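Taking it in order: structure first as structure tokens, then the write-up.
Being a predicted model, the structure only gives us computed values, none of them experimental. All values below come from the heavy atoms of this structure, side chains included, with hydrogens, waters and symmetry mates left out. Throughout, protein chains are lettered first and strands after them, A, B, ... in sequence-line order, and every chain is numbered starting at 1.
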Amino acid sequence: MNPNFLDFEQPIADLEVKIEELQLVGSDNDINIGAEITTLRDKSAKLTEKIYSNLTAWDIVKVARHPRRPYTLDYIPRIFTDFDELHGDRHFADDHAIVGGIAMLGEHPVMVIGQEKGRSVQDKVARNFGMPKPEGYRKALRLMKLAERFKLPVITLIDTPGAYPGIDSEERGISEAIAQNLAVMSRLRTPIICVVIGEGSSGGALGIGVGDHLVMLQYSTYFVISPEGCANIIWKTSEKAPDAAEAMGVTSSILQDLGIVDATIPEPAGGAHRDLELMSERIRDHLLTQLLILKAMPEEDMLEQRYQRLMSYGN
Amino acid sequence: MSWYDKILPSGVRRESAARRTTVPEGLWKKCVKCEAVLYRPDLERNGEVCPKCDHHMRIGARKRLNYFLDEDPREEIFSDVVPVDRLKFKDVKRYKDRLTAAQKSTGEKDALIAMRGELNGLPIVAVAFEFNFHGGSMGYAVGEKFTRAAQLALENGWPLVCFSASGGARMQEALISLMQMAKTSAVLERLKQGRVPYISVMTDPIYGGVSASLALLGDINIAEPDARAGFAGPNIIEQTIRQKLPKGFQRSEFLLEHGAIDMIVHRNEMRPTLYRLLSKLSGKAPDNQPPTSGDSQPESVEEFGLDTNVDEQSQ
């Protein structure tokens, strides 16, 4: 099985293999292989569209965790320019699971903060697979307060399997670190836009996820507990994770119906990783539109709207 | 059936069996820690703290508030807030049916009780988690009632005290539960800015979403002796790091040692301690010491039949 394709994408993978084979033949043969390849490409695109128009919640969980899914550091250079990374929480360490810094979004200087899972094995280990520890949330808080002082809007990119569940995390107060972020973000005097780009897992995601506008990529997920964790508790087996994903409503369409998520950015057929440039452009456009709306609002109105929105959750 | 019952004539046997059932249930209770068999009225008089080993047993929300607040005046507030099954969540059972069952067994509508009253004459808003209701988990109803209670405290400048005991966010309300973390943290931030004191008292156990929001945001954080509190449950941490956890990990003493809480307070010292703290925070001298319990002593034993030792059932 091709690791670039998920199980439900196998028919597409088969077609792609055929196309590749034909391309190899094409180099030393002059019969009309070009036309055949075009037909197959067309077929593959249509098949992708068909499969992706009918995904289950569990399929979407898999796309959101796809090994080739674009991460924060893939998006930052494509959405923003002039990014200068800033490091450290000034108390304990620099957590590489959260990346932050000042960049330009079009003509607007902004503070970007995102969770980063890491691409290579080495990088994944260094970034703790995108699971932040308290120092990560405290770095984020420091950068947000910096942004507030210099009137920089805050853009957060959410993609984490959760805050790190370890002894050191607990010793340094992971609960307090997350709670503090929730409290301060609710009243930070600068616009905050939060984008779920991959996996939004529980408090670890929410720790950089409170703001004026919450948007999800079409095949990203957001849940209070991982489907595996939920299945383990209720069904006593993680094999029931697909049922748990369905029951919890982890996708943007349901979360938008519930009034929690404000908008969904459509992904290219087959997911964001199939066309990173297009995906980045769409995110950038969305951010610019929302930023202009928020910047046009009087600050007090924006803060009151943010607060009332928080108060309305579940009503 | 004992050998003695077996040799008795059947008529006599029935009579003795009938007589046995008239002994009131729950007159004796075994301490879960030292296994001493305790006479319930004695236990009640001691705030459900084992007189032999000082183990603080779990107590229900109503009993908690009865111990804590002055007997008069005292009024339950926001009892009209009820849980809503927005997702029509269903696993092996329907969430709706689980709610009905929990309501029947606890006599409460959801896992948080709110009251306004006085602490030794000091006007106060107090809320307490009912752990027997779905493991004290926080969904819409808990978050909403907490928020309304906090807003009432803010409007009137009355201090807010919360006794938490919770397994975390309620899975069956999925992201709505997660957002209650943001909601409760936001209202607490308003209390903070409005200079209204908030004291968080953690009682065994506090985990997950409740820990990473309202429980650790107190102006003063307090824990009962030997209470367990943390972000991730010990099982999850052990699975992640693949090693045994140190003794006393995530217990109150651990939290004090690591700077997460201000003090550990014995249940029978809760009233005088909080009275002293809140008087001083309100700019007054703590003139007279209150009795350790706000309630007159219990007279009958029948109402204390409920066993409070139920394992947490949520994450």
Side-chain angles (χ1 to χ4, degrees), chain A residues 131 134 162-187 200 202-207 209-210 222-225 229-235 240 243-244 247-250 254-255 257-261 306-307 310-315, chain B residues 84 86-87 89-92 139-141 143-144 147 168-190 192-193 206 208-209 211-217 221 229-233 236-237 239-241 245-246 249-250 254 258-260 313-315:
Chain A
M131 293 184 281
Y164 183 62
I167 294 178
D168 51 347
S169 249
E170 299 286 338
E171 283 175 336
R172 295 196 289 276
I174 186 73
S175 289
E176 193 270 349
I178 292 174
Q180 206 56 251
N181 283 16
L182 306 183
V184 173
M185 291 180 93
S186 75
R187 59 140 179 95
S202 195
L206 190 64
V210 177
Y222 203 174
F223 34 72
V224 69
I225 178 172
C230 175
N232 253 327
I233 293 172
I234 294 182
W235 284 274
K240 286 283 186 180
D243 300 80
M248 287 196 295
V250 300
I254 293 170
L255 297 174
D257 285 347
L258 288 174
I260 291 172
V261 169
R306 187 190 303 164
Y307 185 75
L310 287 168
M311 293 303 111
S312 76
Y313 283 140
N315 288 349
Chain B
V84 188
R86 291 281 300 276
L87 284 162
F89 191 97
K90 185 172 176 283
D91 47 79
V92 281
Y140 159 74
E144 179 70 16
T147 304
R170 190 172 297 168
M171 288 183 298
Q172 290 86 349
E173 293 181 36
L175 222 62
I176 292 172
S177 302
L178 189 75
M179 292 305 162
Q180 303 309 311
M181 293 169 64
K183 180 164 149 183
T184 53
S185 302
V187 75
L188 287 174
E189 190 66 13
R190 289 225 161 165
K192 201 173 186 179
Q193 308 223 303
I206 305 287
S211 152
S213 60
L214 59 96
L216 274 150
L217 285 174
N221 291 334
F231 180 64
I236 294 172
I237 298 177
Q239 281 163 26
T240 311
I241 61 170
L245 295 171
F249 181 67
Q250 292 182 330
F254 171 95
H258 287 91
Q313 24 170 284
S314 124
Q315 70 110 16

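Only the side chain of B/Tyr140 comes within less than 4.5 Å of a heavy atom in chain A; its backbone stays farther off. With a threshold of 4.5 angstrom between heavy atoms, A/Asn315 approaches chain B through its backbone and through its side chain. Of the two parts of B/Thr240, only the side chain, counted from C-beta on, holds a non-hydrogen atom closer than 4.5 Å to a non-hydrogen atom of chain A. Of the two parts of B/Gln180, only the side chain, counted from C-beta on, holds a non-hydrogen atom closer than 4.5 Å to a non-hydrogen atom of chain A. Using a 4.5 Å cut-off between heavy atoms, B/Val92 touches chain A through backbone and side chain atoms alike. Contact annotation for B/Ala260: neither backbone nor side-chain heavy atoms come within less than 4.5 Å of a heavy atom of chain A. Residue contact with chain A, scored on non-hydrogen atoms closer than 4.5 Å, involves the side chain of B/Gln193 exclusively. For chain B, the nearby parts of A/Tyr222 are the backbone and the side chain; heavy atoms of each come within less than 4.5 Å. Interface residue A/Ile260: only side-chain heavy atoms are found under 4.5 Å from chain B.
Between A/Val224 and B/Ala169 the shortest heavy-atom distance is CG2-CB, 3.5 Å. When all heavy atoms are compared, the tightest approach of A/Met248 to B/Leu87 is O-CD1, 3.7 Å. The minimum heavy-atom distance between A/Ser175 and B/Phe231, with the atom names listed, is OG-CB, 3.3 Å. The minimum heavy-atom distance linking B/Leu178 with A/Ser202 is given by the pair CD1-C, 3.5 Å.
The line from OG of B/Ser211 to CD of A/Glu170 is 7.0 Å long, rounded to the nearest 0.5 Å. To the nearest 0.5 angstrom, A/Ser169 atom OG is 8.0 Å from B/Ile237 atom CD1. Interatomic distance, CG of A/Asp168 versus CD1 of B/Ile241, reported as 8.5 Å (0.5 Å rounding). To the nearest 0.5 Å, atom CZ of residue B/Arg86 and atom CD1 of residue A/Ile254 are 12.5 Å apart. One distance of note links OG of A/Ser312 with NZ of B/Lys183; it measures 7.5 Å at 0.5 Å rounding. B/Ile236 CD1 to A/Asn232 CG: the interatomic distance, rounded to the nearest 0.5 Å, is 9.0 Å.
Side chains of B/Leu245 and A/Ile167 form a contact here, defined as non-hydrogen atoms less than 4.5 Å apart. When side chains are defined from C-beta on, B/Val187 counts as touching A/Met311, because their heavy atoms get closer than 4.5 Å. Residues B/Leu216 and A/Ile178 are not in side-chain contact: their nearest non-hydrogen atoms beyond the backbone lie 4.5 Å or more apart. Counting only heavy atoms from C-beta outward, the side chains of B/Met179 and A/Leu206 approach each other to under 4.5 Å. Side-chain contact between A/Ile234 and B/Gln172 is present, with heavy atoms from C-beta onward closer than 4.5 Å. Here the side chains of B/Phe254 and A/Glu171 are in contact, with some heavy-atom distance below 4.5 Å.
The choice from A/Trp235, A/Phe223, A/Tyr164 that makes the most heavy-atom pairs within less than 4.5 Å of chain B is A/Trp235. Listed options A/Gly173, A/Ser186, A/Gly259 were ranked by heavy-atom pairs under 4.5 angstrom with chain B; first place goes to A/Ser186. With respect to chain B, the highest number of heavy-atom pairs below 4.5 Å among A/Gly249, A/Ala177, A/Gly207, A/Ala183 belongs to A/Ala183. When the candidates B/Glu144, B/Lys90, B/Arg190 are compared by the number of heavy-atom contacts under 4.5 Å with chain A, B/Arg190 comes out ahead.
With hydrogens and angles ignored, the 3.5 Å screen pairs no side-chain donor or acceptor of A/Arg172 with any backbone N or O of B/His258.
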